[in-house]
Amino acid sequence: MGIELIDYKDRGFEISDFFMQLALYYINEELRKEQYIFTNKYSLEEYHKSVTKGHMVGWFAFLWD
């Protein structure tokens, strides 16, 4: 597994791709709750599942600003 640099205002930290995948899994589990209602929710859930199962790759961004 690779390591990614999470950069923020000349600071940051390195994180393993495995933990990024795990974070996406837990975000997807939270989004599955019925209290979150938005367009194409099913498509987003399916995309997240395919990434966390390793069927496809993508990017994961934290928008700090």
Side-chain angles (χ1 to χ4, degrees):
M1 264 302 147
I3 293 177
E4 303 296 329
L5 174 64
I6 305 300
D7 190 22
Y8 175 67
K9 296 185 180 179
D10 299 324
R11 294 184 174 195
F13 56 92
E14 291 184 345
I15 186 168
S16 167
D17 290 345
F18 174 77
F19 290 110
M20 293 292 279
Q21 187 178 16
L22 187 60
L24 184 60
Y25 170 80
Y26 283 110
I27 289 170
N28 192 55
E29 287 298 304
E30 185 67 23
L31 287 176
R32 291 177 60 206
K33 295 181 179 177
E34 290 187 18
Q35 68 193 52
Y36 302 110
I37 302 170
F38 50 89
T39 307
N40 297 326
K41 182 177 176 180
Y42 177 78
S43 296
L44 181 60
E45 290 174 351
E46 290 302 307
Y47 171 75
H48 285 174
K49 276 193 243 176
S50 65
V51 172
T52 57
K53 290 181 177 180
H55 297 286
M56 65 183 302
V57 296
W59 53 271
F60 191 34
F62 293 108
L63 303 176
W64 301 107
D65 296 330

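Residue numbers start at 1 and run along the sequence shown. Just so you know, these numbers use all the heavy atoms, side chains as well, and skip hydrogens, waters and symmetry mates.
A search for side chain to side chain contact (heavy atoms under 4.5 Å, CB included) contacts involving Leu31 returns Ile27, Phe38, Leu44, His48, not counting sequence neighbours. The side-chain hydrogen bond (donor to acceptor under 3.5 Å, both in side chains) test applied to Tyr36 returns Glu30, not counting sequence neighbours. Listed by chain and residue number, nothing satisfies the side-chain hydrogen bond (donor to acceptor under 3.5 Å, both in side chains) test with Gln35 (two or more places apart in sequence, or in another chain).
Identified under the salt bridge (charged side-chain N to carboxylate O under 4.0 Å, His left out) test for residues 34-48, with sequence neighbours left out: Glu46-Lys49.
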